[in-house]
Number of protein chains: 2
Amino acid sequence: MSELASDNATGPAFVRSPVKITDVAIAAGVAPMTVSRVINTPDRVSPETTAKVRAAIDRLGYVPNLIAGGLSSRKSRLVAAIVPTIAHPMFAGLVQAFSDSMRQAGYQVILSISGYENNDDESLFRALLGRRPDALLITGSGYSPGALEMLIEAHIPVVEIWDVSSRPIDMLIGFDHAQVGAEVATFLRTKGHNRFAMLAAQDSRALARARGFRDAVTRMGGELVLEQVMPAPSTIGAGREGMRALMPFLNEPCAVFCSSDMLAFGAVTEARVQGVPVPEHLAICGFGNLELSELNEPPITTVSLEGVGTGRTAAAFLLRRLAGEGRRDEDRVQVPFRIVERATT
Amino acid sequence: MSELASDNATGPAFVRSPVKITDVAIAAGVAPMTVSRVINTPDRVSPETTAKVRAAIDRLGYVPNLIAGGLSSRKSRLVAAIVPTIAHPMFAGLVQAFSDSMRQAGYQVILSISGYENNDDESLFRALLGRRPDALLITGSGYSPGALEMLIEAHIPVVEIWDVSSRPIDMLIGFDHAQVGAEVATFLRTKGHNRFAMLAAQDSRALARARGFRDAVTRMGGELVLEQVMPAPSTIGAGREGMRALMPFLNEPCAVFCSSDMLAFGAVTEARVQGVPVPEHLAICGFGNLELSELNEPPITTVSLEGVGTGRTAAAFLLRRLAGEGRRDEDRVQVPFRIVERATT
DNA sequence: CTGAAAGCGCTAACAC
DNA sequence: GTGTTAGCGCTTTCAG
């Protein structure tokens, strides 16, 4: 920790981390190229040379400059990921699983948290694509044509997650949010409900679920007594508030679909406070299957989605393509979702 | 979903995006350096030239290669961040605030989710430092000496968050976890409690809080009836389980400190299920001040911490140093924490 | 199995 | 205000 004090003292006390591949090469008595091979393709170097070079690397504390390597090889070993938030456990799990998988394959993830409105998406994409990532994961739809054009021009594998609606750029892992809403409506109908309500966050996917729910309710001849939209991202507080807005309509039994488990938890809690019997008088269904829903008392009925599985699949898709394989039809998959029935319906 | 079948099926399907600074320069009739200046220091270029160059950039869809720029300028405009998890809302908020602040200043964040055991931290650091980040944010202690040595050798600003215990490398934003435990013990004591219990996750900081709690309880002459350690990261399920483990000791009133709000929520819920009166017979205090605690019924007493504020402060510290300013004593700050008293104590 | 030469795309430093 | 020259630290390519 102190032998470095005897640095090549070429002037003022300024120590640029100086160890580069040529330093290692000199120390090991080989060519720089050989050092490079020891690091990247060890099987093409003789054991003795490898040993010498390794020793020099350790001795000097050499950390290869991946920027220089990336420029030269035109491979950055970087993947960019864009998600609207990581505050939501679903996305947190997805990002975590995705970056674990990518890291195991030797890639690093640059994460961009875009928020729910993608204004200025072009400058975000420019900043990301400027790093020349080898691949890209993006969440859902709603990007400007110019931004999408940039993605296409980048000529790298792209996987879109979370939404199957719009025309996909390349690979896709998602589901039809309207269909989720419709299936929840059907489910609640079979439980004997006729009066329905919706609590939805102000975000395009949540609103798609709301639309699917509304349409199905209408189709089934049910009554939608309230459709309450609240600011994204969903919070427990919004759920409690939404529940209070619903109170005036609870003269008769009702079933409410919340666009996220956060909202549902808030609604269940507020119902308990207000003394509304759940599920007898009010049925509540959430979306996302957070631990919170499973382990609350009462446990909350919800739609289960597997954020972690999506992250892993997204990584697998990209890695396949990074390994040189071509496009195929199976690269557009529907994430299965299912309604998990618990005590609130 | 099928119109994409008519893709550019050009054999090897390999089209390198070719637009580089020289292409733009030729198109605009200027030198490459002028294009570079238009992008990086626009005020040093005449308005007419700027207009010409901008037009060429837009027309060609030029996206500057930051890898090449970084190699040349020795500035990557990248900062690396290491956190144990983003599944915990505290870290999620911290990361989000940190990357927002950094992005506004023109930096991008490479996020590494390290998990709670930092084995193989050297290879993690090597992968990160290989990108030559301009600065680094790391969480807490427990890294190997070799890994820390690498950080120091990198000669970049480093901010450590979340833990003030060990010898800091450079800047620091955190608090003394043992002190938190001690203050919670004191607080519960003033509420009239004599019998205490601790539910802690198996992670070094949570255990430090537990130790502080235990020591303070002993010092005050109280009785610690149970100290239950569960696997990290904390979950609601673990809280419910911990509560069940505590049941046999509830022949008399008791006060329990949970190392996270997740555990506390689980404990409160399980207590409700088991019919234990809270706070009359059992007082519960959490840690983290999640929305969950505030808006649960009953609202949960907890320790409030400001993950978001920490992220912002960390960014501000790094940006100050990146702007060329030197070290100062104020770069070691204690994050204030406070006990938020609610209905469970 | 190892090395030498050339260059990845950009910017620092210095001309003009 | 703009252009020229010379690299940044690595890997590709080709030669031995």
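Lettering follows sequence order; numbering is per chain, from 1. This one's a predicted model, so the numbers in the text were calculated from it and none came from an experiment. The figures that follow rest on heavy atoms only: side chains count, while hydrogens, waters and symmetry mates do not.
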Any chance you could list the contact pattern along nucleotides 10-16 of chain D? Use B for base contacts, S for sugar-phosphate-only contacts and - for none, protein heavy atoms under 4.0 Å, 5' to 3'. BBB----
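Applying the ring pair (Phe, Tyr, Trp, His ring centres under 6.0 Å) test to B:F317 and every residue at least two apart in sequence or in another chain returns nothing. Under the rule for a side chain to side chain contact (heavy atoms under 4.5 Å, CB included), the partners of B:D170 that lie at least two apart in sequence or sit in another chain are B:P157, B:V158, B:R321, B:R327. Every residue two or more places apart in sequence or in another chain that forms a side chain to side chain contact (heavy atoms under 4.5 Å, CB included) with B:S101 is listed here: B:R312, B:A315. With sequence neighbours excluded, the residues that form a side chain to side chain contact (heavy atoms under 4.5 Å, CB included) with B:A28 are B:V30, B:V53, B:A56. Scored by the ring pair (Phe, Tyr, Trp, His ring centres under 6.0 Å) test, A:F125 finds A:Y143 as partners (sequence neighbours excluded). Here A:A80 pairs with A:L128, A:P133, A:L136 under the side chain to side chain contact (heavy atoms under 4.5 Å, CB included) rule; sequence neighbours left out. Scanning for side-chain hydrogen bond (donor to acceptor under 3.5 Å, both in side chains) contacts around B:Q108 gives A:R131, with sequence neighbours left out.
Residue pairs that meet the side-chain hydrogen bond (donor to acceptor under 3.5 Å, both in side chains) test with at least one member in residues 19-28 of chain B, sequence neighbours left out, do not exist here. Sorted by first and then second residue, the side-chain hydrogen bond (donor to acceptor under 3.5 Å, both in side chains) pairs involving residues 40-57 of chain B (not counting sequence neighbours) are B:S36-B:N40, B:S46-B:T49.
Residues from residues 49-58 of chain B that place a heavy atom under 4.0 Å from any atom of DNA chain D, listed by number: B:T49.
Distances shown here put a side-chain N or O of B:T34 below 4.0 Å from the OP1 or OP2 atom of D:dG3.
Regarding A:R74, its CZ atom lies at a distance of 16 Å from the C1' atom of D:dG9, rounded to whole Å. A:L71 has its CG atom 7 Å from the P atom of C:dG9, to the nearest Å. Rounded to a whole Å, the CD1 atom of B:I67 is 11 Å from the P atom of C:dC10.
For B:D58, the CG atom sits in a packed shell: over 12 heavy atoms of surrounding residues, nucleotides or ligands are nearer than 6.0 Å.
When the local axes at the two ends of the helix from C:dC1-D:dG16 to C:dC16-D:dG1 are compared, using 5 base pairs at each end, they differ in direction by 20° after rounding to 10°.
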